[in-house]
Protein chains: 2
Amino acid sequence: MRIEQTDETARQLDAVDLAILRALTRNAEMSNKALAQQLRLAESTCAHRVRSLRARGIIRDTRVRVDGAALGLPLQGIIRVRLGSHTPEGVHALFDALAATPKVLQVFHVAGVDDFLVHVAVEDAEALRDIVLRHITVHPIVRATETQLVFELRDGAGMLAEQD
Amino acid sequence: MRIEQTDETARQLDAVDLAILRALTRNAEMSNKALAQQLRLAESTCAHRVRSLRARGIIRDTRVRVDGAALGLPLQGIIRVRLGSHTPEGVHALFDALAATPKVLQVFHVAGVDDFLVHVAVEDAEALRDIVLRHITVHPIVRATETQLVFELRDGAGMLAEQD
DNA sequence: GTTGAAAAGCGACCACC
DNA sequence: GGTGGTCGCTTTTCAAC
């Protein structure tokens, strides 16, 4: 584990903070007691650190992750969206509409070949078509879409991985 | 809220289960007591439901989300990866390597124009180039990459949204 | 910033409906 | 499947280092 901090934002995070973030990023159900034991801290110290990380906004929130298949949404897709016009109002309105669409998990507003990448979870191929036709290409601003089926989605090593 | 369940997998999830999932998907820090009050359930009933959802794998896990900018990784990108050959061993090995790369948040294995979409968080443009050159295009199986900068990433309405 | 010890709150379990 | 009560543990708080 690297101890010294290099850049200005990370300077306020020491090795203990990073260890806490690593643990809670893997499993946030862990009790404060267990976390303190693992890091060889007093329970009160550990609780204090965690509260501070939340207060500073470094820990944004805590969420459960739901199994899509168990919910009847076994299929995932990425819909690449290209626009025909790019007025700020039009782009923002579409962004809002995409994010508000049921079964949409994440919306990436990107620079590059595409304008948006829409990650969705659906029950079957027909539901996927429904989203594309009834929620995306209905917007006149959308010039073209291209849908990619997700075979598998894995978590990466993440922001807190040791450098290699 | 729709009460009746239509498809077979969701049949085992009633309106109360869905309400629990909706709440914990937004904020998993909520205490069992608060959750029970919100849903007008007895605390023991509520706890029983939540434990059952976990045991059945419908709730996969609980995680904190960390602010990338606060950690010194303010830039996000999507790297689209196309392969030159598609042997199962080669594809799997690359999948493993991508998921194990520091600063990689998610890896999508997809069908379509591309083979993988790699979502990364980095400190600056040079770090992005480093990932592409030193962790992705180094693999001989990779034919081409195309990088898209992420302007903004929003959560969608999600799997539990009411149908519209 | 860190610690240990008391007080307050919470969740696990039980018999019962 | 849902209810209310008791017990044991965890978290919070606080004075002190």
Side-chain angles (χ1 to χ4, degrees), chain A residues 1-66 70-72 160, chain B residues 1-6 8-67 70-72 160:
Chain A
M1 181 182 291
R2 297 224 347 246
I3 302 295
E4 82 277 10
Q5 298 297 330
T6 48
D7 80 280
E8 51 182 331
T9 28
R11 191 163 293 159
Q12 48 209 354
L13 295 176
D14 64 11
V16 173
D17 289 318
L18 293 177
I20 289 172
L21 292 174
R22 262 184 214 111
L24 294 183
T25 298
R26 289 198 193 96
N27 173 22
E29 291 168 56
M30 178 177 254
S31 75
N32 180 67
K33 184 176 190 173
L35 185 58
Q37 273 179 319
Q38 183 179 308
L39 302 181
R40 300 175 195 287
L41 289 174
E43 292 172 27
S44 50
T45 307
C46 187
H48 186 62
R49 292 283 195 137
V50 174
R51 238 180 289 117
S52 166
L53 288 168
R54 281 191 212 281
R56 286 187 280 166
I58 293 160
I59 293 178
R60 290 167 50 205
D61 55 21
T62 309
R63 299 191 165 192
V64 299
R65 299 198 304 175
V66 168
L71 252 149
L160 297 152
Chain B
M1 181 182 292
R2 300 234 330 258
I3 302 293
E4 81 277 9
Q5 297 299 329
T6 47
E8 51 181 330
T9 28
R11 189 163 295 159
Q12 48 208 354
L13 295 176
D14 63 11
V16 173
D17 290 318
L18 293 178
I20 290 172
L21 292 174
R22 259 182 218 112
L24 295 182
T25 297
R26 289 198 194 96
N27 173 22
E29 292 168 54
M30 178 176 255
S31 76
N32 180 67
K33 185 176 188 173
L35 185 58
Q37 272 180 320
Q38 183 179 308
L39 302 181
R40 299 174 197 285
L41 290 174
E43 293 174 27
S44 52
T45 307
C46 187
H48 186 62
R49 293 285 194 134
V50 173
R51 236 181 294 115
S52 167
L53 288 168
R54 280 190 212 281
R56 285 186 280 166
I58 292 158
I59 293 178
R60 289 168 52 206
D61 54 22
T62 309
R63 300 192 165 191
V64 299
R65 300 198 304 175
V66 169
D67 180 40
L71 253 148
L160 297 152

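Chain identifiers are assigned alphabetically (A, B, ...) following the order of the sequence lines, protein sequences preceding nucleic acid strands; residue numbering begins at 1 within each chain. Hydrogens, waters and symmetry mates are skipped; everything else that's a heavy atom, side chains included, is used. Here the structure is a predicted model, which means the values were calculated and not measured.
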Per [X] side chain, nearest of listed nucleotides [options]:
X       : options                : result
B:Ala42 : C:dG11, C:dG1, D:dT3   : D:dT3
A:Arg51 : D:dT10, C:dA12, D:dT13 : D:dT13
A:Leu41 : C:dG11, D:dG1, C:dT3   : C:dT3

Measure from [atom1] on [X] to [atom2] on [N] and round the result to the nearest Å.
X       : N      : atom1 : atom2 : result
A:Arg49 : C:dG1  : CZ    : C1'   : 7 Å
B:Lys33 : C:dA12 : NZ    : P     : 15 Å
B:Leu39 : D:dT3  : CG    : P     : 12 Å
A:Gln37 : D:dT11 : CD    : P     : 11 Å
B:Asp14 : D:dG1  : CG    : P     : 9 Å
A:Glu29 : C:dA12 : CD    : P     : 11 Å
B:Leu35 : C:dG11 : CG    : P     : 10 Å
A:Glu43 : C:dG9  : CD    : P     : 19 Å

Side-chain touch [X]/[Y], heavy atoms, less than 4.5 angstrom:
X       : Y       : result
A:Arg56 : B:Asp67 : no
B:Glu29 : A:Ile59 : no
B:Leu24 : B:Leu53 : no
A:Leu41 : A:His48 : no

**Prompt:** Hey, does B:Arg40 reach any base, or is it just sugar-phosphate, or nothing, if we go heavy atoms under 4.0 Å?
**Reply:**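 No contact at all - B:Arg40 keeps every heavy atom at 4.0 Å or more from the nucleic acid.
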
**Prompt:** Pick the nucleotide of DNA chain D nearest each of A:Asn32 and B:Ser44; which residue has the one closer to the 5' end?
**Reply:**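 Residue closer to the 5' terminus by nearest nucleotide: B:Ser44.
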
**Prompt:** Would you say the side-chain atoms of A:Asn32 pair up with the backbone N or O of A:Glu43, donor to acceptor, closer than 3.5 Å?
**Reply:**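 Looks like yes, one N/O pair under 3.5 Å.
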
**Message:** Any donor-acceptor pair, under 3.5 Å, between the side chain of A:Thr45 and the base of C:dG1, if you only look at N and O atoms?
**Reply:**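 Per atom types, no contact qualifies.
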
